[in-house]
Amino acid sequence: MRNILLVLLLWLALFSSCSAKTYAKSSDSAVQENKEVIVEKKGDQDAAQIDKLGRVLSSMSDKAKATIPNGDPREFLADLKLVLDSEKDFAQDDLSPFYLIDKKHNVGPTYAPKHLKTLVKNSLYDISRADLSLREDVEAALCVMAQAALKDGIRLEVISSYRSYEYQKKLFAKWVALDGLAEAERESAREGTSQHQLGFAIDFGSLSDSFVKTPMGAWLNKYAWEYGWSLSFPQGYEDVTGFRWECWHFRYIGKEACRFQKKWFGDVQQFMIEFIDAWKNME
């Protein structure tokens with residue numbers, strides 16, 4: 001893990017030492033005593049958070065650990081707080097933008113986003129067909145990115161967005177019939193395990209590796225993260241994500257999470273989402 005656990009242990013020892021110190025007290029200063037109490041409590045809180053961080057990181061896969069750079073645990077935790085605070089920018093009565101969904105974690109057949117918005121022809125981006133939809137907060141973010149792309153002479157095209165459980169079930173069966181089960185598992189999610197069911201994911205342009213070489217694909221792969229859109233299935237991580245490289249598939253997670261992912265997790269969405277899930281569920 002490139003020594004991050006060692007750094008965590010050193011910081012934990014430092015905080016424990018600080019909290020145990022006996023501070024010089026002024027006999028006539030209640031203010032000084034209050035300051036000492038605040039410092040000690042802050043030290044205890046920091047130590048507890050750093051201890052939790054160490055336990056969460058230790059629970060992750062070796063490949064995930066290997067992506068995490070050496071750094072200050074307090075800086076990591078400050079960045080994490082910004083990410084978790086950003087959840088308030090999303091609909092509060094629906095699933096988190098950091099909901100872990102993959103081949104091992106799913107949603108049931110009855111789940112659908114509560115605030116779906118049908119995509120229609122507009123001045124900012126194109127749609128490939130009339131039955132596409134997204135969460136309202138995600139569509140708003142799409143408009144922001146699409147406007148930025150237009151300024152660079154790129155018009156985005158959405159070819160797939162929200163998919164229901166039943167739709168995904170039929171789609172997976174279609175790929176099995178076309179390519180066989182083994183290949184279908186690499187390129188299509190089973191029902192209940194697709195990011196598309198969350199209403200956060202979009203397929204842009206075309207379902208082809210050559211998409212990344214098109215003006216639209218190149219722009220997205222260079223700039224999408226600046227607008228909160230994360231490439232879900234990067235090249236070289238099929239053993240991590242369960243899916244082959246998809247240069248067209250992006251999930252909206254927000255700007256703070258994209259920065260966090262790039263800074264601390266090698267820009268691999270799966271690692272960051274797994275970390276957040278483990279953090280939320282760790283005692």
Side-chain angles (χ1 to χ4, degrees), residues 97 101-102 117-135 137-163 167-168 171-172 174-175 178-179 183-189 194-255 257-259 261-262 265-273:
I101 186 168
D102 54 26
K117 179 178 181 179
T118 300
L119 307 189
V120 297
K121 290 183 178 180
N122 61 84
S123 62
L124 295 177
Y125 60 85
D126 291 329
I127 55 175
S128 64
R129 57 182 198 264
D131 63 342
L132 300 176
S133 59
L134 286 169
R135 282 179 47 147
D137 43 14
V138 177
E139 197 277 335
L142 170 61
C143 289
V144 172
M145 182 169 70
Q147 192 166 40
L150 282 174
K151 290 180 179 179
D152 290 338
I154 304 296
R155 187 173 176 87
L156 302 181
E157 180 188 23
V158 179
I159 63 171
S160 186
S161 51
Y162 165 71
R163 299 176 193 158
Y167 184 102
Q168 191 67 37
L171 184 62
F172 183 77
K174 171 188 170 183
W175 285 111
L178 288 173
D179 298 330
E183 190 62 22
E185 292 280 15
R186 299 181 62 218
E187 58 192 20
S188 181
S194 173
Q195 292 185 356
H196 286 284
Q197 191 175 346
L198 303 180
F200 281 106
I202 291 178
D203 290 341
F204 290 96
S206 67
L207 307 182
S208 169
D209 292 349
S210 62
F211 173 65
V212 74
K213 297 180 181 179
T214 67
M216 188 195 314
W219 190 94
L220 284 165
N221 278 270
K222 185 176 183 179
Y223 297 113
W225 74 275
E226 295 183 8
Y227 300 93
W229 294 85
S230 166
L231 184 71
S232 295
F233 309 121
Q235 196 166 23
Y237 287 90
E238 185 172 346
D239 61 325
V240 172
T241 66
F243 299 101
R244 70 179 188 87
W245 177 44
E246 293 191 356
C247 57
W248 57 84
H249 179 114
F250 290 80
R251 174 178 177 172
Y252 185 67
I253 56 176
K255 295 179 183 179
C258 280
R259 283 192 283 265
Q261 170 184 305
K262 186 174 284 287
F265 293 94
D267 206 19
V268 179
Q269 181 192 121
Q270 183 72 22
F271 291 153
M272 185 197 67
I273 297 291

Worked verdict on Gln235 versus Cys247 for side chain to side chain contact (heavy atoms under 4.5 Å, CB included): CA-CA 8 Å; Gln235 196 166 23; Cys247 57; over 6 Å; no
task: Check the pair Gln269 / Tyr237 against side-chain hydrogen bond (donor to acceptor under 3.5 Å, both in side chains), numbers first and verdict last.
output: CA-CA 10 Å; Gln269 181 192 121; Tyr237 287 90; over 6 Å; no
message: Test side chain to side chain contact (heavy atoms under 4.5 Å, CB included) on Ile202 and Trp229; report intermediate values, then the result.
response: CA-CA 9 Å; Ile202 291 178; Trp229 294 85; 3.6 Å; yes
field: Residue pair Tyr252, Leu134: steps toward the side chain to side chain contact (heavy atoms under 4.5 Å, CB included) verdict
entry: CA-CA 11 Å; Tyr252 185 67; Leu134 286 169; over 6 Å; no
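- Nearest approach of Ile127 to Leu132, heavy atoms of both residues: CB-CD1, 4.0 Å.
- Nearest heavy atoms, Ser232 versus Thr241: O-CG2, 3.8 Å.
- Residues His196 and Ala201 share a closest heavy-atom pair of ND1-O, 3.6 Å.
- Distance check, rounded to the nearest 0.5 Å: CE of Met145 to CD of Glu226 gives 11.0 Å.
- Checking Glu139 against Tyr125 by side-chain atom types alone, a donor-acceptor pair falls below 3.5 Å.
- For the residue pair Leu124 and Cys143, the shortest heavy atom distance occurs at CD1-CB, 3.7 Å.
- The shortest non-hydrogen separation linking Arg135 to Leu198 is CD-O, 3.4 Å.
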- request: Begin with the C-alpha distance, continue with both residues' side-chain angles, and end with the deciding distance and a verdict on salt bridge (Lys or Arg N to Asp or Glu O under 4.0 Å) for Asp203 and Arg163.
  value: CA-CA 11 Å; Asp203 290 341; Arg163 299 176 193 158; 3.0 Å; yes
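- For the side-chain contact (heavy atoms from CB on, under 4.5 Å) with Leu142, the qualifying choice from Tyr227, Phe250, Phe204 is Phe204, the only one to do so.
- Shown here for Val158 and Ser161, the closest heavy-atom pair between the two residues is CG1-CB, 4.4 Å.
- Contact annotation: the side chain of Gln270 never approaches that of Ile273 to less than 4.5 Å [non-hydrogen atoms, C-beta and beyond].
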